[in-house]
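Values below: all heavy atoms of this structure, side chains included; hydrogens, waters and symmetry mates excluded.
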Amino acid sequence: MDKQAPAVELKDVSLIFGGDHPADDAVLAVHKINLAIPTGQFVAVVGPSGCGKTTILNMLAGLIPATTGSVRRYGSEITGPGDDIGYMLARAALSPWRTARKNVELGMEIQGVPKNERNAKSKELLQRLRLEDFADSFPSQLSQGMNQRVAIARTLALNPDLWLMDEPFGALDAQTRLTVQTEFIELWESEGKTVIFVTHDLEEAVLLADRVIVMTARPGRIKSDTIIDLPRPRVLDELRFDEKFKKAEHRLWSELRDEIV
Amino acid sequence: MKSSDESPREADMSGDEIAGVAAPISQEEIRAMLPSQSIWQYRLRKIDIPVQLGRIALILAIWWVWWSETIWNGWDAISIFGIQPLPNVNVVFRASPGGALDYISRYLPERLFWTDCWVTVKEAMVGFLIASVLGIIAGLALGSFNRLSKIFGPFVIAINAMPKIAFLPLILVVYGVGEMSKVVLIVSISFFIVQVPTQAAVSLVDPDLLMVSRTMGASNIQLFRKVTLPAISPAIIGGLRLAAIISIQGAIFGEIFASKRGLGQRLIMSANMLDYDGLFAMVFVLALIALLFNGVIGRFERYFLRWQANQQSSQVISF
């Protein structure tokens, strides 16, 4: 592993679904993606639905191999799922038979972390996400926003080096989303890990990220790559009304609009 | 916080009086707002008197109809396309709750009655356990491995389609009229009742749960232990619940057909001697055994599925 190389690098990456049978349509999901992300950068990926955003995350997580091109982390090719990646979905996808605490500890159980260490870590994370009073509640007893926070804690429990997030707040209502976003960005600003954050919400992308990638409609290509030069730490509910923020969002919106038919 | 009996302000008004965070309201204060209610009022509401009265009335009605022999006298006036659903029953074939209770109290002290009970319970239990273990293993294997289900699937479906009871004469020839033949019959029926839902549940496990665990580095064995097994346990327990009842029915059917001992044998002997009080007594005893089986599985269910918010399914009777 080469710590000098980019944390994440895609070189001429294309991915084709289907086409096993000569008569089947082969679908080109993403086409010749080139992208290098330095360690500690927060990158948001926006684009119309079906443009291959999730596909890129799945390739980075090692769940599906690229058809052509190479996907690298710190200079070495990704061959399968690794344990230094935290993957978070739009659905909390918590195990209904586990309490909040046990859900947070799932990854540590898988990795064979000793029990007292697991307990200490889950306690700390639940506290940071203001869930300490609900540690022994089951997901069915918690609200959607709380469950999503449990999912954040679960993703971060293994202290992953790369956070892959697939519309993690997409299923939340507007107010809950702002609360969870605020908690999340505070967590991230204190950790400074590499994040690839897929969203369809441009406001969210500009609020949270250092850099926004706009993708084209299928086959997914990179349309634009913009650095968001807003100061940190960011106070989200103030920043939303900031002129600089509004200008950046507006410019990106005009690019994205062309791709949404 | 602003009270709403003042007129609303304009949206563009400068925020000169942004309200502070309200003080938390204590549990006592919240309770004080509720209408007062004693623990007895609460319990009374939980018992739900109309439901209990309805149940008691229904039991009394059944008892009375049976006891008063109205049911046996028939109702000739009702005739649907020439078929009488409530025909008059010959006095010889009649039975009464008192007669059934008499039969039970007569035979209860007898050792042979208990032997018969034990034979039936043993057949049902052994058959149920073997069928459950085999059914769960087969369901898991066929559900987890695509190739296995492609190879064995069509054969399993074909065998499941055959009426297993039709094999009983053959089973009796091969395994004899003893307990073994009943166990084999029960296994052949109950196996599928466990295997089918288990296999279906494996393919219905939430793919997001599997994916999340996989990205955290779970091996296939860990995926099975930490995701698949707990996710399918409600389906397995549902299958077991059904299989337990069916196993008792299988034991009885096998015993009625041909056997040395057992409650089914006792039942058919009573029937052959026109002792229909005995028949009803056996039905009553068998129902008790079935409830016992159900209760044991209910215990398991409550333990293994504590996490399910909806506990209704594990309720058998709630007087």
(request) Taking atom CD of A:Glu77 as the centre, report whether more than 12 heavy atoms of other residues, nucleotides or ligands fall under 6.0 Å from it. (result) yes
(message) Testing the basics here: between B:Met216 and A:Leu106, what is the closest heavy-atom pair and its distance to 0.1 Å?
(response) CE-CD2, 3.6 Å
(request) Check whether more than 12 heavy atoms from other residues, nucleotides or ligands sit under 6.0 Å from atom CD1 of B:Ile25, and answer yes or no. (result) no
(message) Would you compute the distance between atom CG of B:Asp208 and atom CG of A:Asp166 and round it to the nearest 0.5 angstrom?
(response) 9.5 Å
(request) Mind ranking B:Arg225, B:Arg214, B:Lys226 by heavy-atom pairs under 4.5 Å with chain A and telling me who comes out on top? (result) B:Lys226
(request) Quick one: pull up CG in B:Leu223 and CD1 in A:Ile110 and give me the separation to the nearest 0.5 Å. (result) 7.0 Å
(message) Ignoring hydrogens, what is the shortest heavy-atom contact between B:Leu209 and A:Ala93? Give both atom names and the distance.
(response) CD2-O, 3.1 Å
(message) Quick check on the structure: residues of residues 134-157 of chain B within a heavy-atom distance below 4.5 Å of chain A, by number.
(response) none
(message) Can you tell me which portion of B:Ser213 sits under 4.5 Å from chain A's heavy atoms? Options are side chain, backbone, both or neither.
(response) both
(message) Quick check for you: among A:Ile85, A:Leu164, A:Leu63, A:Thr155, which has the greatest number of heavy-atom pairs under 4.5 Å with chain B?
(response) A:Leu63
(message) Counting only non-hydrogen atoms closer than 4.5 Å, does A:Leu94 touch chain B with its backbone (N, CA, C, O), its side chain (CB onward), both, or neither?
(response) backbone
(request) Enumerate by number any residue of residues 121-132 of chain A whose heavy atoms lie under 4.5 Å from heavy atoms of chain B; in the absence of such residues, state 'none'. (result) none
